[in-house]
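Numbering starts at 1 and runs along the sequence shown. Bear in mind the structure is a predicted one, so any value in this text is a computation, not a measurement.
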Amino acid sequence: MFMLDLNNLISQIQNSNNTLFILCGFPYAGKSYVASQLQSQTDIQIVSIDDIFKARGFDWDTNVLPSTSEWEQILNESYEKTKDSLLQGKNVFYDSTNQTVASRNTLRDLADTVGANTCVLYIKTPIETVWRRWEENQNNPKRSVVSRELVQQTIDTFEEPAEAENVLIIEN
């Protein structure tokens, strides 16, 4: 596991090719912020579950949520976008919580099918910071308002990436 700052991560991406960067971290950890910084400073392709979710008409704020089969469609679309970009030899940043080893393994398997490399980018954020940011967003929404229950469920099921997963860490 290697600790990085954003500038080192940008350099790492610029020196990579055909790599799937699997983002993981708690809700409100700063994952989408890191993705936006990378997108503005590199040619990495971003595949965002939140963007696909919104494009399909779902909304956390109004509790318009997908069914199980609709979630499956969202994930399948994200996998196809990821695979297509990797087949073009591009670096891909997969923006989602990816809180379980199984979810990260699914993405690793996808990358393996097209001969791409993988790296887990763990945005490591203290739980107290997550809850402070969640509270701030409740009072002054700058992004979707995810329920306290969903945030807690994600925290409870989070499996911290192991060194064997080829992990880069940004503390945020």
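Here F58 contributes atom CZ and N63 contributes atom CG; the two are 12.0 Å apart, rounded to the nearest 0.5 Å. Atom CG of N76 sits about 13.0 Å away from atom CH2 of W71, to the nearest 0.5 Å. A distance of 9.0 Å separates OH in Y122 from CD in E171, rounded to the nearest 0.5 Å. Here the OG atom belonging to S147 is positioned 9.0 Å from the CD atom belonging to Q138, to the nearest 0.5 angstrom. If you take OG1 on T129 and NZ on K124, they are separated by 12.5 Å, rounding to the nearest 0.5 Å. The NZ atom of K31 lies 8.0 Å from the CG atom of D50; values are rounded to the nearest 0.5 Å.
The main-chain N or O of L110 is found under 3.5 Å from a side-chain atom of T113 such that the two form a donor-acceptor pair. Side-chain atoms of Q12 do not come within 3.5 Å of backbone N or O of L9 as any donor-acceptor pair. Between the side chain of N17 and the backbone N or O of G89, no donor-acceptor pair lies under 3.5 Å. In this structure, the side chain of D59 does not engage the main chain of L65 through any donor-acceptor pair within 3.5 Å. Not one N or O on the side chain of R104 forms a donor-acceptor pair closer than 3.5 Å with the backbone of I22. In terms of modelled atom types and a separation under 3.5 Å, the side chain of E165 and the main chain of A162 share a donor-acceptor contact. Counting only distance, with no hydrogens or angles, the side chain of T157 and the backbone of Q153 share a donor-acceptor pair below 3.5 Å. Between the side chain of N172 and the backbone N or O of T125, no donor-acceptor pair lies under 3.5 Å. The backbone N or O of S11 lies less than 3.5 Å from a partner atom in the side chain of N15, making a donor-acceptor pair. Panel note: side chain N91, backbone Q45; no donor-acceptor pair is recorded below 3.5 Å.
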In sequence, state the C-alpha distance, the side-chain angles, and the governing distance for I44 and K90, and then conclude on side-chain contact (heavy atoms from CB on, under 4.5 Å).
CA-CA 7 Å; I44 198 163; K90 297 178 180 177; over 6 Å; no
Test side-chain contact (heavy atoms from CB on, under 4.5 Å) applied to R56 and Q73, step by step:
CA-CA 10 Å; R56 289 179 171 250; Q73 291 171 9; 3.2 Å; yes
Take T42 and F93 through the side-chain contact (heavy atoms from CB on, under 4.5 Å) test and state the conclusion after the steps.
CA-CA 11 Å; T42 70; F93 193 76; over 6 Å; no
Start with the C-alpha gap between Y94 and I46, add the side-chain angles, then the distance that decides, and say whether side-chain contact (heavy atoms from CB on, under 4.5 Å) holds.
CA-CA 6 Å; Y94 192 91; I46 308 274; over 6 Å; no
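Side chains of I74 and I49 form a contact here, defined as non-hydrogen atoms less than 4.5 Å apart. Side-chain atoms of S48 and S32, non-hydrogen and from C-beta on, never get closer than 4.5 Å to each other. The shortest distance between side-chain heavy atoms of I155 and I127 falls below 4.5 Å. S16 places a side-chain heavy atom less than 4.5 Å from the side chain of F21. Counting heavy atoms from C-beta on, the side chains of L150 and P27 never come closer than 4.5 Å. Residues K83 and V114 have side chains in contact (heavy-atom distance under 4.5 Å, counting atoms from C-beta outward). The shortest distance between side-chain heavy atoms of E135 and R148 falls below 4.5 Å. Residues T97 and F26 have side chains not in contact (no heavy-atom distance under 4.5 Å, counting atoms from C-beta outward).
A111 and T118 get closest at one heavy-atom pair: CB-CG2, 3.3 Å. The two atoms that bring V64 and G57 nearest to each other are CG1-O, 3.8 Å, heavy atoms only. Nearest heavy atom pair, residue I123 against residue A29, reads CG2-O, 3.4 Å. Among all heavy-atom pairs drawn from N98 and C24, the shortest one is O-CB, 3.5 Å.
Between K81 and E77, at least one side-chain nitrogen of the basic residue sits less than 4.0 Å from a carboxylate oxygen of the acidic one, meeting the salt-bridge criterion.
Of the listed residues (L20, T82, D95, L107), just one forms a side chain to side chain contact (heavy atoms under 4.5 Å, CB included) with V47, and that residue is T82.
For E70 and S67, the side-chain atoms include at least one donor-acceptor pair closer than 3.5 Å. Defined by atom type and a distance below 3.5 Å, a donor-acceptor pair is present between the side-chain atoms of S103 and T100.
Atom CG of D156 has more than 12 heavy atoms from other residues, nucleotides or ligands within 6.0 Å.
In this structure, V101 is not a member of the same hydrophobic cluster as L23, with clusters built from ILVMFWY side-chain heavy atoms closer than 4.5 Å. When hydrophobic clusters are built by joining Ile, Leu, Val, Met, Phe, Trp and Tyr residues whose side-chain heavy atoms come closer than 4.5 Å, directly or via intermediates, F158 is grouped together with V151.
Within the cation-pi definition used here (under 6.0 Å to the ring centroid, within 45° of the axis), R143 qualifies as a partner of Y28.
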